[in-house]
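Single-structure report; data block below.
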Protein chains: 2
Amino acid sequence: MFKIFISLVKNIINNYANFIVMLSQAIQDYLKTIYKLENSGAVSTTAIAKELNISGASVTGMLKRLSTMKLVDYNSYKGVRLTNEGRKIALEVIRHHRLLELYLKEALGFPLDKVHDEACRLEHVISRDFIDKIDEILGSPEFDPHGHPIPDKDGSVSKSDELSLITVKGGDTVIIKRLADHDQEMLAYFEKKRLVPNVVLKIIDKAPFSGPITAFYNDENQIIGNEIAKNIYIEHYSEESE
Amino acid sequence: MFKIFISLVKNIINNYANFIVMLSQAIQDYLKTIYKLENSGAVSTTAIAKELNISGASVTGMLKRLSTMKLVDYNSYKGVRLTNEGRKIALEVIRHHRLLELYLKEALGFPLDKVHDEACRLEHVISRDFIDKIDEILGSPEFDPHGHPIPDKDGSVSKSDELSLITVKGGDTVIIKRLADHDQEMLAYFEKKRLVPNVVLKIIDKAPFSGPITAFYNDENQIIGNEIAKNIYIEHYSEESE
DNA sequence: AAAATAATTTAGATATGTTTAAAATTTTTA
DNA sequence: TAAAAATTTTAAACATATCTAAATTATTTT
Ligand SMILES: [Mn+2]
Ligand SMILES: [Mn+2]
Ligand SMILES: [Mn+2]
Ligand SMILES: [Mn+2]
């Protein structure tokens, strides 16, 4: 029975519009995690275990099962990579997550620090009909509220910006592109200070020795601490870049 | 560890705003099912098994666990009833379900036959913040798209109407209050024929021997078959009743 | 290159939630 | 009221997903 199920997975993926709903939450989260960790290279058991906050032994067990299901290529002791099928699922879950986050924020008025947990639960059970509908309502947005790119229906997705605000110098003008989203308290602070994606900052000064940044935005000069700046990712701004 | 968890359930229920999210989907569905089946009397193992499409043995096992968790009062061979805590949870899940159904229909334009399955998955993982928000957007509605009453935040809920359309006679004027929701094809047909809650029907004729009903609504005379009429629940209509 | 260390897997266990088959109990029928 | 039938529970098994502890493999250090 199990074998039959496994052998049908590929068919299901290709033919059944809502296949994600048939995979366990655990499987979906593993695939998502492997996707996030594989930057041109196999992902280690330990890396996955750390990210998901579970034991390495649990990861090994799941990797074997994902391998049987042809969702990953797994080599004992060598690490794991997603297959095309596995990546397809990972990207769909991520698309769900990010569209949900934006919908929660824009349509339902959720605060920035509350969208992640909700999206992380709903992403696994929401149908494509629901997702397509909120994508339409939001006008096929490109970025979630943290500035993460939203994969499109075909699974293509742009790269995240990786230039941190701590790299700026006085005189620069930059635009906020992305916020690190691992700390809820910090997310609440970002929102309170209106340090959110698409805000343009004129850098007045950057104090030495990891000192604070003085930036003009929102009609006044504001001080941004080093710890905060580290978690804000930017692009250098020019009129035509927008 | 398990014992400790069990002993904390009551506390969690009373203190943690999103406690439902901490109970498994299975537990939530059992409680919902028992709620629906207990019309002043204990619910049998077999009734639950039939409703959930699982074996009786599975039900017995779960009832023991729910009993340990003090969510039901269970007597071997005698049947089961919800405790107050259990009923509270059942009503919250039902509230989630029905508000979701209405939101899917009204805000996202889902067809009537598609709202149930989606709501049945989302109801278990959606937070109170989300539910409160859609309740607000919908204006604290009293009924879901099938005409089922939506429990309010305190868990109070009105009774469903039980008078079927087949009971009418020529000359009656009735208002549709509720639709049976077990058959998706029939739900699609209800919607196509605009036989939905709050529609007023002037009964022109009811043919004998379980024959069809002729009713005036939507500006014309329409024929309603017996099988369809059986699944439509109504109230007799008078101006002041609205 | 051997020893030490770190990463990974295996083995054995547990909790959840399900199944079928057999045993026990309750209800119905004669 | 005794036998038959139906319901319910128990027993044994399985799949999923996790754990800890021990064994194995790979990597780093000396
Ligand atoms: Mn998740
Ligand atoms: Mn995000
Ligand atoms: Mn459900
Ligand atoms: Mn309904």
Side-chain angles (χ1 to χ4, degrees), chain A residues 1-9 20-34 37 41-69 71-81 89 120-121 124-125, chain B residues 1-9 20-34 37 41-69 71-81 89 120-121 124-125:
Chain A
M1 196 59 187
F2 183 65
K3 290 278 172 185
I4 292 168
F5 173 75
I6 296 303
S7 73
L8 285 175
V9 165
I20 277 196
V21 161
M22 309 197 64
L23 299 172
S24 72
Q25 195 247 57
I27 287 176
Q28 293 180 44
D29 277 337
Y30 272 93
L31 294 174
K32 205 172 75 165
T33 301
I34 296 167
L37 295 172
V43 180
S44 74
T45 301
T46 310
I48 298 168
K50 268 190 190 132
E51 186 74 15
L52 292 175
N53 246 292
I54 56 180
S55 73
S58 301
V59 174
T60 300
M62 180 59 101
L63 292 184
K64 284 179 181 173
R65 291 173 46 224
L66 292 174
S67 185
T68 317
M69 297 168 87
L71 297 175
V72 300
D73 287 324
Y74 169 56
N75 289 295
S76 250
Y77 292 102
K78 302 293 182 182
V80 70
R81 300 219 50 179
I89 295 167
C120 200
R121 276 179 280 112
H124 308 292
V125 298
Chain B
M1 195 63 185
F2 184 66
K3 290 276 172 187
I4 292 168
F5 172 75
I6 295 304
S7 73
L8 285 174
V9 165
I20 277 195
V21 161
M22 311 199 63
L23 299 171
S24 72
Q25 194 247 58
I27 287 175
Q28 293 180 44
D29 278 336
Y30 271 95
L31 294 174
K32 205 171 75 164
T33 301
I34 296 166
L37 294 172
V43 179
S44 74
T45 300
T46 310
I48 298 168
K50 269 191 190 131
E51 186 75 14
L52 292 175
N53 245 292
I54 55 180
S55 72
S58 302
V59 174
T60 301
M62 180 58 101
L63 292 183
K64 283 179 180 172
R65 290 172 48 223
L66 293 174
S67 183
T68 317
M69 297 168 87
L71 297 175
V72 299
D73 287 324
Y74 169 55
N75 290 295
S76 251
Y77 294 100
K78 301 293 181 183
V80 70
R81 299 220 50 178
I89 295 167
C120 199
R121 276 180 280 112
H124 308 292
V125 297

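Each chain gets a letter, A, B and so on, in the order the sequences are listed, and its residues count up from 1.
Of the candidates D:dT10, D:dT18, C:dT18, D:dT10 carries the atom nearest the B:T60 side chain, counting heavy atoms from C-beta on. When distances run from any side-chain atom of B:S55 to the nucleotides C:dT19, C:dG17, D:dT10, the shortest one goes to C:dT19. If you check C:dT18, D:dC19, C:dG17 against the side chain of B:I54, the one that comes closest is C:dT18.
Closest of all the heavy-atom pairs between B:C120 and B:K32 is SG-NZ, 3.9 Å. Shown here for B:L23 and B:M69, the closest heavy-atom pair between the two residues is CD2-CE, 4.1 Å.
One atom, CG of B:L63, and another, P of D:dT10, lie 11 Å apart when rounded to the nearest Å. Between the CG atom of A:L66 and the P atom of D:dT16 there is a distance of 11 Å, given to the nearest Å. Between the CG atom of B:L23 and the P atom of C:dA15 there is a distance of 18 Å, given to the nearest Å. B:H124 has its NE2 atom 16 Å from the C1' atom of C:dT16, to the nearest Å. For B:I48 and C:dG17, the CD1 to P distance is 15 Å, given to the nearest whole Å. For the pair A:L71 CG and D:dT16 P, the interatomic distance rounds to 13 Å; values are reported in whole Å. One can place CE of B:M62 at 7 Å from C1' of C:dG17, the figure rounded to the nearest angstrom. Atom-to-atom, OH of B:Y30 to C1' of C:dT16 comes out at 11 Å; the value is rounded to the nearest Å.
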> After noting the C-alpha distance and the side-chain angles of A:I27 and A:M62, does the key distance pass the side-chain contact (heavy atoms from CB on, under 4.5 Å) rule?
Replying inline: CA-CA 8 Å; A:I27 287 176; A:M62 180 59 101; 3.8 Å; yes
> B:Y30 and B:I54: side-chain contact (heavy atoms from CB on, under 4.5 Å), yes or no, with the steps?
Replying inline: CA-CA 11 Å; B:Y30 271 95; B:I54 55 180; 2.9 Å; yes
> Should B:V59 and B:L52 be marked as a side-chain contact (heavy atoms from CB on, under 4.5 Å) after you check the CA-CA gap, both sets of side-chain angles, and the distance that decides it?
Replying inline: CA-CA 9 Å; B:V59 174; B:L52 292 175; 5.6 Å; no
>> For a side-chain contact (heavy atoms from CB on, under 4.5 Å) check, start with the C-alpha distance between B:K50 and B:S44, then their side-chain angles and the critical distance, and finish with the verdict.
In response: CA-CA 10 Å; B:K50 269 191 190 131; B:S44 74; over 6 Å; no
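Counting any heavy atom pair closer than 4.0 Å across all strands shown, B:K64 reaches sugar-phosphate atoms only and no base atom. Using a 4.0 Å heavy-atom criterion, one finds that A:T45 contacts the sugar-phosphate atoms exclusively.
Checked against side chain to side chain contact (heavy atoms under 4.5 Å, CB included), A:S55 has the following partners two or more places apart in sequence or in another chain: A:A57, A:S58.
B:S24 has no side-chain polar atom (N or O) that falls below the 4.0 Å cut-off from OP1 or OP2 of C:dT16.
Atoms NE2 and CZ, on B:H124 and A:R121 in that order, are 13.5 Å from each other to the nearest 0.5 Å. In this structure, CD1 on A:I48 lies 9.0 Å from OG1 on A:T60, to the nearest 0.5 angstrom.
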Enumerate the protein-to-nucleotides 21-28 of chain D contacts in which both atoms are nitrogen or oxygen and the separation is below 3.5 Å.
| from | atom 1 | to | atom 2 | distance (Å) |
| --- | --- | --- | --- | --- |
| D:dT25 | O4' | A:Y77 | OH | 3.4 |

Got a list of protein N/O to nucleotides 1-4 of chain D N/O distances below 3.5 Å?
none

